[in-house]
2 protein chains.
Amino acid sequence: MILQRSSVKPLPARPALRSAPRSTAAALVYDRLRSQILSLAIPPGAALSENELAKSFGVSRTPVREALLRLADEMLVEIVPKSGTTVSRIPYSQLPEAIAIRKVLEELAVRTACERASKSQLTNIWMQVERQREADHAGDIDAFHEADEAFHAAIADAAGYPSIWQLVKQVKLQVDRYRRLTLPETGRMARVIEEHAAVIAAIEKGDAARAMTAMRGHLEGLEHSLPNIRNLNPDYFVEDVGEFARPTTMNGK
Amino acid sequence: MILQRSSVKPLPARPALRSAPRSTAAALVYDRLRSQILSLAIPPGAALSENELAKSFGVSRTPVREALLRLADEMLVEIVPKSGTTVSRIPYSQLPEAIAIRKVLEELAVRTACERASKSQLTNIWMQVERQREADHAGDIDAFHEADEAFHAAIADAAGYPSIWQLVKQVKLQVDRYRRLTLPETGRMARVIEEHAAVIAAIEKGDAARAMTAMRGHLEGLEHSLPNIRNLNPDYFVEDVGEFARPTTMNGK
DNA sequence: CTGGCATATCTTGTATACAAGATATCTGTG
DNA sequence: CACAGATATCTTGTATACAAGATATGCCAG
């Protein structure tokens, strides 16, 4: 039982063991599948067979099934009881909702961080912006993305509301998959860095209104990128997703 | 693993499939366990054994394990790899965070509902208030609670953001367990009904500011009830929960 | 060639056996 | 009696076999 007070994460400069073996087989299968789904390496609508996955991972169906059940809870796969399992299609109509939710959550984070952030926490946030600058210079998209997420997580930490970032991660999943379909926009990294810097600068001054506006504007950049493509791969999307709330596994309660 | 070996509810030999004819055994076990955990019938800190649960439910370990894994994702149980599984203690220090998050989510819901609610949706919301009035008169606490939740869900529906309620349900779990420990406050139902009526009235008028204020005030009632007891059963709580985000199952990521 | 029914073969759900770490107990030794 | 070590017995993690529904296939009648 480890009980550890966490104010600031060490955050290794290096992704460390990215493809390292996780503790359990189920965790490994979960990580790999989730990563491939989010990167669209496995496209929306693709069929997944527990037997095939078990063979390809060299494990039995048990850990594969465990991973799939968890992915179903995250709405990343859909399990039809005695029929089959597929990678969820992207619910296009729900993306604005996800962004709206993310906005209020992150506004709460910056607002509260304005009141409660310690100096070391502010430093940590700035550090993530610096990491992004370096990644931009190096042209390392993956490192940029990682530092981007660390930035938002650090703000939630500074607010003393770390679970805000847990919720945001959960909510942004489908949006992330959508954005993978759009072409990388040139100069985006530099713009994001500017916006991030504006947010943390306002937090540092304790200017809640300004910080919230900056964060809102930053996230509205996501909204503007929505009505972009989607006609390229219409079968990657589902127009109207029925009674949401994991209609596939168990009962939604 | 110290902790009481407290037996899991006897659960009649005849599982009363009539009242809970869930499709799969795993779903049934999940529902029953979850209900008993939230009602504190199984107290925080109680040990859970997959074998014992399997015997008491008359099924094998497989569906029991599936249910426990899902409950672990919801932070309702904690699984220590080769050691044991316990009902999660209530993270007292995280309750204000949960309430703060819920506030901004529901403020988003009422604000958006002011713009988008249809007449039938408004009627639906009023209907839930009416159900609460009836439950109050009948003194039916369970029915009141159910209508209470339906009220908040209906607002999210009216906003066109139904997943807001899904998130709120997820966030309020630990607060709900906490409130089960406090004595039922006389006159609370009537007060809640008043507050609900004020919210829907403001939504109906399209007065977003007023609706948000009403909802905020309503939810602040939760906050005021926090520093109540907690000394009665100090072993039901955990002061500082380390690296949040399901530290028990798999890796957070 | 077309339609319909039986069947073969998929799928997921469940039960059971085994593996291996963690913990408690008991035993032997000083 | 105190303490250390072996061991018995817990725990969860995984593999495998079987059950049963869903789907595809193919065969046969018209």
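So you know, we letter chains A, B, ... as the sequences are listed, proteins then strands, and number each from 1. Note that this is a predicted model, so its numbers are computed, not measured.
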> Please tell me which of the listed nucleotides, C:dG13, C:dA22, D:dT12, lies nearest to the side chain of A:Glu50?
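Of the candidates, C:dG13 comes closest.
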> Could you tell me how far apart A:Arg65 (CZ) and D:dT16 (P) are, to the nearest whole angstrom?
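In whole Å, D:dT16 P and A:Arg65 CZ are 17 Å from each other.
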> Round to the nearest Å and state the distance from A:Tyr30 atom OH to D:dT14 atom C1'.
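Going from OH in A:Tyr30 over to C1' in D:dT14 covers 20 Å.
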> What I want to find out is whether B:Lys169 reaches B:Glu149 closely enough, with some N-O distance under 4.0 Å, to be called a salt bridge.
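Salt bridge flag = no for B:Glu149 with B:Lys169.
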> Answer yes or no: does a side-chain N or O of B:Thr62 lie under 4.0 Å from OP1 or OP2 of C:dA15?
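False: B:Thr62 side-chain N/O out of range (4.0 Å or more) of C:dA15 OP1/OP2.
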> Starting at CD of A:Glu52 and ending at P of C:dT11, how long is that distance when rounded to a whole Å?
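Nearest whole value for this atom pair: 6 Å.
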> For D:dT12 and B:Arg61 - does any side-chain N or O of the residue sit under 4.0 Å from the phosphate oxygens OP1/OP2?
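B:Arg61 to D:dT12 OP1/OP2: no side-chain N or O under 4.0 Å.
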> Counting only side-chain N and O atoms of A:Thr85, is one of them less than 4.0 Å from OP1 or OP2 of C:dT12?
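So the side chain of A:Thr85 is within the cut-off, an N or O lying under 4.0 Å from OP1 or OP2 of C:dT12.
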> For the side chain of B:Val59, starting at C-beta, report the closest nucleotide among C:dA22, C:dA15, C:dT11.
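That would be C:dA15.
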> Quick one: A:Ile79 CD1 to C:dT14 P, roughly how many Å, whole number?
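Taking CD1 of A:Ile79 and P of C:dT14, I get 12 Å after rounding.
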> May I ask you to verify if any side-chain N or O of A:Ser60 is less than 4.0 angstrom from the OP1 or OP2 atom of D:dA15?
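So the side-chain polar atoms of A:Ser60 do come within 4.0 Å of the phosphate oxygens OP1 or OP2 of D:dA15, strictly under.
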> Side-chain contact test, heavy atoms from C-beta onward, threshold under 4.5 Å: evaluate it for A:Leu105 versus B:Val104 and give yes or no.
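Result yes, sub-4.5 Å side-chain heavy-atom pair found.
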> Closer to the 5' end of DNA chain D via nearest nucleotide, is it A:Lys82 or B:Asn51?
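With A:Lys82 and B:Asn51 compared, the 5'-side residue is B:Asn51.
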> Would you call A:Glu106-A:Lys172 a salt bridge at under 4.0 Å N-O?
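No.
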> From C:dG13, D:dA22, C:dT14, pick the nucleotide closest to the side chain of A:Ser83?
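Per side-chain heavy atoms of A:Ser83, the pick is D:dA22.
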> Rounded to whole angstroms, how far apart are CG on B:Leu68 and P on D:dT12?
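For the pair B:Leu68 CG and D:dT12 P, the rounded distance is 8 Å.
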> Rounded to whole Å, please give me the gap between CG in B:Leu28 and P in C:dT14.
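Going from CG in B:Leu28 over to P in C:dT14 covers 10 Å.
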> What are the two closest non-hydrogen atoms of A:Trp165 and A:Arg102, and how far apart are they?
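In terms of heavy atoms, the two residues are closest at CZ3-NH2, 4.4 Å.
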> Rounded off to whole Å, could you give me the CD-to-C1' distance for the B:Glu66 and C:dT14 pair?
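Between C1' of C:dT14 and CD of B:Glu66: 10 Å.
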> Please determine whether a side-chain nitrogen of the Lys or Arg among A:Arg89 and A:Glu78 lies less than 4.0 Å from a carboxylate oxygen of the Asp or Glu.
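Looking at A:Arg89 and A:Glu78, the cut-off is not met.
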> Please report, rounded to the nearest Å, how far the P atom of C:dT12 is from the CD atom of A:Glu78.
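Spelled out: CD on A:Glu78 to P on C:dT12 is 14 Å.
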> Any side-chain N or O of B:Thr24 under 4.0 Å from OP1/OP2 of C:dG13?
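For C:dG13, OP1/OP2 do not have a side-chain N/O of B:Thr24 under 4.0 Å.
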